[in-house]
Amino acid sequence: MIVTIMKESDVSIFLVEGKLDSSTSPKLQEKLMLALNEAKKIRMDFKDVEYISSAGLRVLLLGEKTARATGKSMTIYNVPDRVMSIFTMTGFADMLNIETK
Amino acid sequence: MKTKEKDISQKTSLKRKISSLLMVLSLTTLVMSGIITLIGVIYLRMNTASIKKDLGYSVALDSQQALESLALEKLSILINTRVGLCDSVLMAIQEKVFLIAYKAGEIINNPERFLPVVPLPADERNHGIVASQFLRPENVPLSAVRAEANLMGNIQDLLEGISIGSSYAKTGYIGMESGMFIITDTGSGYRANKSFDPRVRPWYILGKESDKPVWTDVYLDAFDRGELISCAMPFFDRNGNVVGVAAINMYFETLVDLVKNTKSGETGFALMLNENGDIIISENGDDAVVQGLTEKRTEFSELFNDIMEGKNGIQRIALDGREFFFGYSALEALPWHLVTVIDVMEIISPALNIRNNIIRRTDESLLRYDIVMFSIVALFLILFTIVLLVARYVSKIFAKTISEPIMNLTDAASKIAEGNFSVNIDIKTGDEIEVLGASVNKMTDDLHKHLEHKLSLMIENHRISAELDVANKIQLSMLPCIFPAFPDRDEIDIFAMMKPAKEVGGDFYDFFFIDDNTLAIVIADVSEKGVPSALVMVIAKTLIKSKAQAGLSPKEVFESVNNILNENNDAAMFVTAFLGYLDLRTGVFKYVNAGHNPSVLVSKQKIEQEKDNSENNPIEKQIDEDNLHYEWLMAKPDFVLGGFRDILYTQKEIIFEPGNMLFLYTDGITEAINKNNEMFEEEKLLEALKRFSRLNAKDLTESIRKEIEDFSVGVEQSDDITLLVLKYKGK
């Protein structure tokens with residue numbers, strides 16, 4: 001997994017590539033938590049995410065919970081169908097801010 | 001280890017190598033310098049030899065030539081001076097003879113001007129002093145010559161003057177036609193009381209015929225006083241007739257002395273040849289030369305011709321294997337030739353001596369060179385031996401100082417290898433070995449710490465592993481694991497299994513009766529794996545079971561459990577879960593799904609399900625050859641448990657017909673990965689179910705599990721795998 005972060009004023013844009021599983025998620029978690037400290041808005045581009053496991057989902061949940069607790073926002077966009085179906089199946093689709101195409 | 005040390009201890013040891021190297025280096029240096037020095041000396045010797053020999057010959061030749069030319073010059077000067085001397089002596093005598101003859105002529109022709117002087121006969125008492133003596137032949141009476149004698153007595157003063165004042169003309173005399181004879185010299189004793197007739201003497205006979213001073217051949221003195229020559233000249237009366245002859249004796253001995261002195265060097269000598277080429281004086285002459293010249297005249301014709309022609313010159317003549325210089329010149333006063341001879345060898349012998357000296361000295365210096373050379377070789381051999389011994393000793397010590405620390409290091413290393421970390425290497429050599437020793441010390445310390453750390457980690461790991469083993473057993477024992485689970489209930493056939501990816505997992509299943517006829521089934525998947533999820537799993541399972549057994553509906557159970565799980569869930573752990581209640585009498589099945597994978601429903605005929613666009617339906621319903629329907633159990637995919645508080649869950653309800661089967665699973669099945677990194681997927685699951693759906697719950701579970709194992713062969717299980725099969729048979 002590769003995470004590229006671009007900062008535009010108070011917005012941090014995450015470009016996430018590859019697999020979000022138990023081995024890669026801690027890295028995303030670390031960066032996400034850091035970004036949530038600094039930026040008001042987190043935007044995560046999931047265009048190149050191949051797969052997300054429950055570990056990845058947990059990081060997103062953690063991010064969402066943190067964002068909600070601190071009055072910030074976390075948005076996910078460009079979600080591939082495959083990842084979207086996981087979001088749907090787990091109910092995450094309703095709980096996260098997901099921009100549909 | 002020990003045997004290895006012994007193996008290398010001799011020939012290949014470092015000590016040996018270093019000492020050998022040092023030996024070779026020092027000896028090579030020595031040998032090289034020795035050879036260079038030797039070559040230098042030999043070269044110098046050869047050069048010196050040739051230079052000195054050349055010098056010797058060159059100097060000898062040059063000096064020989066110089067000596068020869070000097071000798072020739074000297075010879076030339078000598079011969080000329082001697083000839084001049086002889087000539088001047090002879091000339092002086094000639095002049096005096098002329099003077100006597102003239103005076104005698106004056107006296108005889110002018111008697112009126114002279115008083116009678118009575119000449120005295122030879123008196124023995126006058127012997128040894130210059131005295132005039134009057135002699136006459138025996139047959140001439142004194143009276144016959146008295147008058148003439150008294151007149152001619154006037155010549156006595158002149159004769160005495162000449163005799164006293166001249167070096168060579170000691171004896172002057174006159175002889176008259178009358179027979180009278182007056183002579184002046186120191187030899188009165190020889191003539192006392194003797195008679196003498198001058199007219200028969202060679203000088204008189206020769207002189208009478210001449211008109212100027214003339215020299216006689218060698219003849220014997222009338223009074224036995226040896227050989228002599230005389231210069232004679234006649235004097236005349238007024239009519240021009242010879243009246244007498246004046247003469248001066250020159251004893252041959254005097255001439256011989258002159259010639260004798262005409263010699264050069266030690267072996268040189270002089271010869272006098274007369275007008276016929278006869279050797280008339282050869283005093284002290286080399287017999288071989290004299291004899292050779294006399295007997296082999298033809299061989300020296302060139303020399304003789306030159307001599308006899310009165311030429312002046314020097315010739316180099318070989319005679320009997322020797323070489324001589326012949327210098328020659330003709331006298332003027334006499335038709336004679338003075339020849340001086342000198343052995344060439346004597347002239348050039350100094351040059352030869354020089355040459356021999358140089359050669360001898362060269363040989364001497366060559367000998368000295370040889371001695372030096374041998375000394376160098378000897379010195380070199382001694383040095384070689386000394387250096388050999390010293391180098392051997394020093395290099396042994398030196399090598400020991402190098403090898404000993406290494407041996408210490410080796411010992412220390414083997415002790416360290418045996419696990420003795422208390423070894424402290426103390427090397428103070430001040431070189432790289434010391435640094436190495438310090439490094440080994442540090443390495444030992446680090447190794448010790450590292451090993452201790454490793455050991456503690458291992459112990460810790462072992463402890464954790466043991467604990468996890470226990471945890472695994474506890475976790476598995478928490479799940480219903482006795483099958484058949486309900487042997488007295490014919491309505492259902494239920495089987496389940498859970499295989500964690502790690503020692504403990506986050507998946508779980510559960511089934512239990514809420515009341516006599518209601519069976520609750522649960523399958524859940526806690527986010528993540530391992531211990532954290534196992535802990536959550538325990539809570540979730542306990543909560544779900546206790547809430548369900550408390551009489552809550554599936555929806556109420558999940559809403560309650562969700563809120564409880566949300567408390568203090570900073571890690572955002574969540575659980576996807578499915579909970580269903582089956583009424584065994586009626587076949588009514590109530591269920592809720594908290595974000596869990598959709599279950600598969602297998603039925604003999606189509607079962608009515610509520611449709612909802614948002615419902616979770618990954619694959620279209622399928623029908624197999626036995627007309628069995630395979631479809632996804634529709635459920636609104638509500639949010640996972642533990643995510644957010646106050647989630648409302650949607651409860652659904654269907655009615656099971658006997659023969660229906662429900663297949664519950666976690667994503668460990670569909671997301672199982674094979675070698676090609678492909679997922680198992682729902683489609684393959686459905687295919688497998690079609691094949692195995694007729695088996696009983698246990699066999700079906702095992703078959704699906706085997707299918708997954710076959711698919712994932714060679715790949716490590718990445719997620720927990722949980723299966724639950726519920727077959728409803730009805731009353």
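Naming: A, B, ... by sequence-line order, numbering from 1 per chain. The shown structure was predicted, so the numbers you read here are calculated from the model rather than taken from an experiment.
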Those residues at least two apart in sequence (or on a different chain) that pass salt bridge (charged side-chain N to carboxylate O under 4.0 Å, His left out) with A/Glu17 are none

Counting neighbours of [atom1] on [X] that are heavy atoms of other residues, nucleotides or ligands and sit closer than 6.0 Å, is the number greater than 12?
X	atom1	answer
B/Glu716	CD	no
B/Glu460	CD	yes
A/Lys41	NZ	no
B/Asn568	CG	no
A/Glu30	CD	no
A/Lys47	NZ	no

What part of B/Met679 gets closer than 4.5 Å to chain A, counting heavy atoms only: side chain, backbone, both or neither? side chain

Side chain, backbone, both or neither: which part of B/Asp719 has a heavy atom under 4.5 Å from chain A? neither

Locate the shortest heavy-atom distance separating B/Ala572 from A/Arg58; write the atom from each residue and the value. O-CG, 2.8 Å

If you define the side chain from C-beta out and look only at heavy atoms, does anything of B/Asn677 sit under 4.5 Å from A/Glu50? no

Steps toward side chain to side chain contact (heavy atoms under 4.5 Å, CB included) verdict (A/Met89, B/Asp667): CA-CA 11 Å; A/Met89 192 176 77; B/Asp667 57 6; 5.5 Å; no

If you tally heavy-atom pairs under 4.5 Å against chain B, which of A/Asp94, A/Leu62, A/Ile86 wins? A/Leu62

Pick from A/Ala93, A/Gly91, A/Ser22: which one has the most heavy-atom pairs with chain B under 4.5 Å? A/Gly91

Distance in Å, [X] [atom1] paired with [Y] [atom2], rounded so as to fall on 0.5 Å steps:
X	Y	atom1	atom2	result
B/Ser718	A/Asp21	OG	CG	8.0 Å
A/Lys65	B/Phe644	NZ	CZ	6.5 Å
A/Thr90	B/Asp638	OG1	CG	11.5 Å

Basic-acidic side-chain contact under 4.0 Å: A/Arg82, B/Glu671: no

